Peer 1: 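Mind having a look at this structure? Questions to follow.
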Amino acid sequence: MEKADFLREGNEVKVTVYGPEGSNLYESTGNGYHNIQAAIDDTLQKAGLNVNPEDCAFEVSNLTIGVSHRYRINAHGNLKLIV
């Protein structure tokens, strides 16, 4: 398991989408995600935003264990941890 991939299927997860200017565009909460990418993909599908995901930042919070990280999607469609 990748170090930044901190989700378990039963965890309660909150994903916040931040736009290019840093504004909060959308938030969603759910569970049953196998990985970070699945949580972000589900949130983007629910949000129906008219923005390029590569221009956004995503804060993924595992509410069950109290840990969160921020990610970006690069030009190749891969998630990158923002440190």
Side-chain angles (χ1 to χ4, degrees):
M1 179 168 72
E2 184 180 316
K3 184 177 181 181
D5 197 352
F6 59 97
L7 299 182
R8 300 278 188 256
E9 193 172 334
N11 293 157
E12 187 72 16
V13 178
K14 176 179 161 187
V15 178
T16 305
V17 181
Y18 295 96
E21 296 83 31
S23 59
N24 181 335
L25 298 179
Y26 188 80
E27 288 183 355
S28 104
T29 305
N31 58 29
Y33 303 118
H34 295 284
N35 57 45
I36 304 292
Q37 185 71 54
I40 290 174
D41 289 346
D42 183 56
T43 299
L44 287 171
Q45 182 180 353
K46 289 177 187 175
L49 299 171
N50 191 23
V51 296
N52 184 345
E54 294 173 11
D55 295 334
C56 297
F58 304 90
E59 182 175 10
V60 181
S61 302
N62 184 328
L63 301 176
T64 303
I65 63 172
V67 176
S68 68
H69 298 292
R70 284 186 171 226
Y71 298 87
R72 286 205 176 275
I73 298 174
N74 70 15
H76 301 289
N78 300 313
L79 284 179
K80 296 296 177 184
L81 180 65
I82 300 172
V83 289

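Bear in mind the structure is a predicted one, so any value in this text is a computation, not a measurement.
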Peer 1: Would you check if His69 and Val60 make a side-chain contact, meaning some heavy-atom pair closer than 4.5 Å?
Peer 2: no
Peer 1: Side chain of Asn24, backbone of Tyr26: donor and acceptor closer than 3.5 Å?
Peer 2: yes
Peer 1: Would a hydrophobic clustering, with Ile, Leu, Val, Met, Phe, Trp and Tyr connected at side-chain separations under 4.5 Å, put Ile73 with Val51?
Peer 2: yes
Peer 1: Would you find a donor on one side and an acceptor on the other, under 3.5 Å apart, between the side chain of Thr64 and the backbone of Glu12?
Peer 2: yes
Peer 1: Would you say the side-chain atoms of Arg72 pair up with the backbone N or O of Leu81, donor to acceptor, closer than 3.5 Å?
Peer 2: no
Peer 1: Under 4.5 Å between side-chain heavy atoms, counting indirect links through other Ile/Leu/Val/Met/Phe/Trp/Tyr residues: same cluster for Ile65 and Tyr33 or not?
Peer 2: yes
Peer 1: Can you see which heavy atom on Ser28 is nearest to which on Thr43, and at what distance?
Peer 2: OG-OG1, 3.1 Å
Peer 1: Answer yes if Val15 and Tyr18 sit in the same cluster of Ile, Leu, Val, Met, Phe, Trp and Tyr residues linked by side chain heavy atoms under 4.5 Å apart, and no otherwise.
Peer 2: no
Peer 1: Evaluate the side chain to side chain contact (heavy atoms under 4.5 Å, CB included) criterion for residues Asp42 and Lys46: first the C-alpha distance (whole Å), next the side-chain angles of each, then the deciding distance (0.1 Å), finally the verdict.
Peer 2: CA-CA 6 Å; Asp42 183 56; Lys46 289 177 187 175; 3.0 Å; yes
Peer 1: Working to the nearest 0.5 Å, report the span between OG1 of Thr29 and CG of Leu63.
Peer 2: 6.0 Å
Peer 1: Hey, is the main chain of Val13 close enough, under 3.5 Å, to the side chain of Asn11 for a donor-acceptor pair?
Peer 2: no
Peer 1: Taking all atoms of both residues into account, what is the closest heavy-atom pair of Asn31 and Gly10, and its distance?
Peer 2: CB-O, 4.4 Å
